[in-house]
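Numbered from 1 within each chain, the chains take letters A, B, ... in sequence-line order.
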Amino acid sequence: MKKILITSALPYINGIKHLGNLIGSQLPADVYARYMRAKGNKVLFICATDEHGTPAELAAIDKKETVENFCENMWNTQKKIADGFFISFDYFGRSSSKQNHELTQHFASKLWENGYLEEVNEKQFFSIEDNRYLPDRYITGTCPSCGYEKARGDQCENCTKQLQPTDLIDPSSTISGSKKLEIRQTKHLYLKQSKLKKKLNDWISKKDNWPILTKSIAKKWLHDEEGLKDRGITRDLSWGVKVANSGKPWKGFENKVFYVWFDAPIAYIAATKEWSEKNFNKEWKNWWITDQGADKVYYVQFMAKDNIPFHTLSFPATIFGSRENWKLVDYIKGFNWLLYEGGKFSTSEKRGIFMDVALKIFPADYWRWWLLSNAPENSDTNFTWDSFQNTINKDLADVLGNFITRVTKFSFAKFGSKIPSNNVYGDLETKTINELDKLYERYNNFLSKIEIRKASQELRNMWVVGNEYLQKAQPWSILKKDEDKAKIITRFSFHLINLYSLISEPFIPDTCQKIRNHFGLPKKSEWPEGLKNSFDNLTNKNDISLPDILFPKITDSEKEIFQDKYSGS
RNA sequence: GGGCGAGUAGCUCAGUUGGUUAGAGCAGAGCGCUCAUAACGCUUUGGUCGCAGGUUCGAGUCCUGCCUCGCCUACCA
């Protein structure tokens with residue numbers, strides 16, 4: 001038994017996330033967590049909302065709520081939606097928790113003590129009408145390079161040129177449109193990542209097995225141009241973790257908070273602490289402090305590619321700089337983007353499928369299956385309604401669902417509501433198990449390496465074996481001359497269904513549970529150690545009820561309606 | 001501009017350290033079955049492996065150049 005710590009990137013609080021966010025971290029993390037748990041490992045799966053920063057404040061203003069209330073409500077919403085997708089978090093915390101405030105301040109104090117922070121004076125735009133400092137991207141103006149009138153302060157979207165906000169001609173606040181902007185002098189704390197460059201490089205260089213995507217992004221940032229840059233970790237905002245040193249306000253930083261990117265990763269630790277305190281245990285240290293047991297923990301992070309620099313560099317720099325025994329990540333699984341019908345998901349243009357809508361129109365397992373079997377592991381992946389309809393109807397409805405229906409209806413009609421007890425299996429059953437065992441080994445191998453797409457293919461191949469078996473065994477014609485043999489075939493088919501309901505659980509947990517309920521199978525699911533010895537683990541008491549169709553097909557007209565409805569404004 | 005990745009069947013992709021006739025799923029065609037959500041099974045048609053050179057007994061795989069596409073480039077999280 002191993003101890004496995006799993007975190008999925010913190011979803012930002014400013015709204016409901018879309019399918020791309022889901023497949024970029026929470027969903028694959030959930031597959032891994034479920035698999036590792038089923039294998040008998042001790043798993044701790046942690047996530048939290050990322051609540052600080054300008055977008056959160058603006059979203060609250062937009063909803064005419066206080067930012068505290070807004071975050072509270074949105075945390076509830078996001079939690080509920082994650083539950084709706086059967087994401088099996090052990091704890092879903094908040095980056096605004098008391099624990100995170102304390103830990104963030106703790107880390108900052110240590111970094112200061114060890115000389116990894118410095119105070120830097122800089123100039124920043126302040127909007128008088130908005131009464132706030134504006135991040136670069138919240139300033140709009142004319143691009144000095146191409147003349148595009150809606151260039152942002154960080155970059156011109158039209159000509160892709162990198163900009164400073166002061167480069168813009170006729171700048172205005174993106175928030176209010178106000179042109180009453182002034183440049184003010186302000187002071188910020190910088191994390192001196194550059195001093196830790198060698199340490200980070202040595203650490204990353206040893207991670208031979210990390211995905212190319214993860215390593216190449218980290219290396220790029222380390223070695224690009226002048227190398228790893230220092231990074232401002234405070235902001236002129238009110239909502240966030242107050243800048244403090246050893247519990248006392250930091251002189252000159254009374255009206256500032258830490259930058260979300262500083263406090264968000266620390267929230268992995270803080271959320272574990274929340275979990276610990278809610279459960280009245282002190283276990284969080286066993287997961288996070290290496291000389292208190294965490295050295296035996298295998299820690300895996302899941303995230304989309306935008307998050308990779310912060311998890312490979314900034315957060316490890318924070319940990320290294322603290323000179324304390326915090327657990328570092330062992331493996332980072334990064335994902336590319338999910339596209340929607342060839343373009344980007346867009347919150348503002350209402351383009352694409354958002355998690356709440358998704359749950360309203362199709363069951364969670366439909367989405368889980370499509371997203372996981374098409375996970376953007378090697379490149380950006382395109383969601384299309386055609387593909388979704390085709391994949392669900394074929395894989396879930398035809399291959400798996402229909403297999404279950406044909407076995408169940410046959411058995412129910414011929415032998416009543418009990419699974420036949422005859423279990424003297426012959427050559428065909430042996431061959432079938434051997435065939436499945438080969439696929440199963442591959443399946444397990446892919447799951448342990450977190451190769452989600454490939455794992456899903458092997459799982460599907462195992463479903464196909466069920467149909468192949470039935471076709472060869474033909475219980476419907478055997479029944480006419482040898483009822484006993486027909487019962488054996490039927491029982492073996494139920495055995496396969498039982499098997500499927502165990503091993504498919506990481507991908508389609510809801511359906512697996514439904515299957516087990518209908519066929520009187522025990523709730524507790526154990527991951528078979530190999531299939532050759534598990535010919536039959538059904539009891540003679542299994543009472544079946546006829547399930548409704550497990551996977552109703554997606555019709556052409558449904559597809560067309562949704563295609564049209566979510567194509568954007 | 002720089003960096004990374006990709007280009008393989010109509011579509012989506014797999015191809016381990018270079019090794020016989022390049023694979024899967026979907027889509028197409030034919031046959032079979034009738035338990036089943038007109039579902040399933042079997043067979044089968046599709047490929048100058050982006051282009052041009054090179055190394056090698058042998059290249060989808062290695063090297064060079066080129067073309068096309070995607071992503072990243074630090075204040076969006």
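Note on A:Leu228: a base of the nucleic acid sits closer than 4.0 angstrom, heavy atoms only. Within 4.0 Å of A:Gln124, counting heavy atoms only, lies at least one base atom of the nucleic acid. Here A:Trp337 lies in heavy-atom contact (under 4.0 Å) with sugar-phosphate atoms only. Heavy atoms of A:Asn14 sit nowhere under 4.0 angstrom from any nucleic acid atom. Residue-level contact check: A:Gly401 touches the bases, meaning some heavy atom is under 4.0 Å from a base atom. Using a 4.0 Å heavy-atom cutoff across all strands shown, A:Lys553 reaches at least one base atom of the nucleic acid. Contact annotation for A:Ile549: base contact, defined as any heavy-atom pair under 4.0 Å involving a base atom. In this structure, A:Thr405 reaches the bases: a heavy-atom distance under 4.0 Å links it to at least one base atom across the strands shown. Note on A:Tyr259: only backbone sugar-phosphate atoms sit closer than 4.0 angstrom, heavy atoms only; bases stay farther off. Looking at heavy-atom distances under 4.0 Å, A:Glu122 makes contact with a base. Residue A:Lys305 is in sugar-phosphate contact alone, with no base atom involved, counting any heavy-atom pair closer than 4.0 Å across all strands shown. Here A:Val464 lies in heavy-atom contact (under 4.0 Å) with sugar-phosphate atoms only.
Of the candidate nucleotides B:U37, B:C35, B:C26, B:C35 has the atom lying nearest to any side-chain atom of A:Gln471. Distances were taken from every side-chain heavy atom of A:Lys220 (C-beta onward) to each of B:G2, B:A27, B:C4; the shortest belongs to B:G2. Of the candidate nucleotides B:C72, B:C26, B:A14, B:A14 has the atom nearest to the side chain of A:Lys454.
The two residues A:Gln124 and A:Leu134 make their nearest non-hydrogen contact at NE2-O, 3.4 Å. Summarising the geometry of A:Leu496 relative to A:Gly466, their closest heavy-atom pair is CD1-CA, 4.0 Å, with the distance given to 0.1 Å. Scanning all heavy atoms of the two residues, the minimum distance from A:Ala264 to A:Asp50 falls at CB-OD1, 3.8 Å. Residues A:Trp463 and A:Ser504 share a closest heavy-atom pair of NE1-OG, 3.2 Å. Nearest heavy-atom pair across A:Leu200 and A:Ala317 is CD2-N, 3.9 Å. Here the closest non-hydrogen pair linking A:Lys553 and A:Asn393 is CA-OD1, 3.4 Å.
Rounded to whole Å, the separation between the C1' atoms of B:U37 and B:C69 comes to 40 Å. For the C1' atoms, the distance from B:A14 to B:C26 is 15 Å, rounded to whole Å.
Note: CZ (A:Arg453) to P (B:G23) measures 22 Å, nearest angstrom. Following rounding to the nearest Å, A:Asp380 (CG) and B:C4 (C1') show an atom-to-atom distance of 13 Å. Note: CG (A:Asp136) to P (B:A77) measures 11 Å, nearest angstrom. Straight-line distance from the CG atom of A:Asp395 to the C1' atom of B:U37: 15 Å, rounded to whole Å. Between the CZ atom of A:Phe383 and the P atom of B:U12 there is a distance of 16 Å, given to the nearest Å. Rounded to whole Å, atom C1' of B:C13 lies 13 Å from atom CZ of A:Phe446. Separating the NZ atom of A:Lys17 from the P atom of B:C76 is a distance of 15 Å, rounded to the nearest angstrom. Per the geometry, CG belonging to A:Leu213 stands 9 Å off C1' belonging to B:C71, to the nearest Å.
In textbook terms, a nucleotide whose glycosidic angle is within 90° of 0 is syn, while B:G54, being further out, is anti.
Put simply, A:Lys394 has a side-chain N or O that comes within less than 4.0 Å of OP1 or OP2 on B:C40. Note on A:Arg406: every side-chain N or O is 4.0 Å or more away from OP1 and OP2 of B:G41. The side chain of A:Asn378 places an N or O atom within less than 4.0 Å of a non-bridging phosphate oxygen (OP1 or OP2) of B:A14. Between A:Arg231 and B:C75, a side-chain N or O to OP1/OP2 separation shorter than 4.0 Å is present. Contact between the side-chain N/O atoms of A:Tyr133 and the OP1/OP2 oxygens of B:C75 is not found at any separation under 4.0 Å.
Both stacking criteria are satisfied for A:Trp476 over the base of B:C35: a centre-to-centre distance under 5.5 angstrom and an angle between ring planes under 30 degrees.
Shown here, B:G7 forms a base pair with B:C67; the pair counts as Watson-Crick or G-U wobble because both key distances fall under 3.5 Å. Base pairing analysis places B:C49 opposite nothing; no Watson-Crick or G-U wobble pair with both distances below 3.5 Å involves it.
In terms of position along RNA chain B, the nucleotide closest to A:Leu400 lies nearer the 5' end than the nucleotide closest to the other residue of the pair A:Lys344 and A:Leu400.
With hydrogens and angles ignored, no donor-acceptor pair under 3.5 angstrom links the side chain of A:Asp398 to the base of B:A39.
A:Tyr190 pairs with exactly one of A:Arg231, A:Glu118, A:Glu119, A:Glu122 by the side chain to side chain donor-acceptor pair (under 3.5 Å) rule, that one being A:Glu122.
We find that A:Asp380 and A:Lys305 are joined by a salt bridge, their nearest charged nitrogen and carboxylate oxygen being less than 4.0 Å apart.
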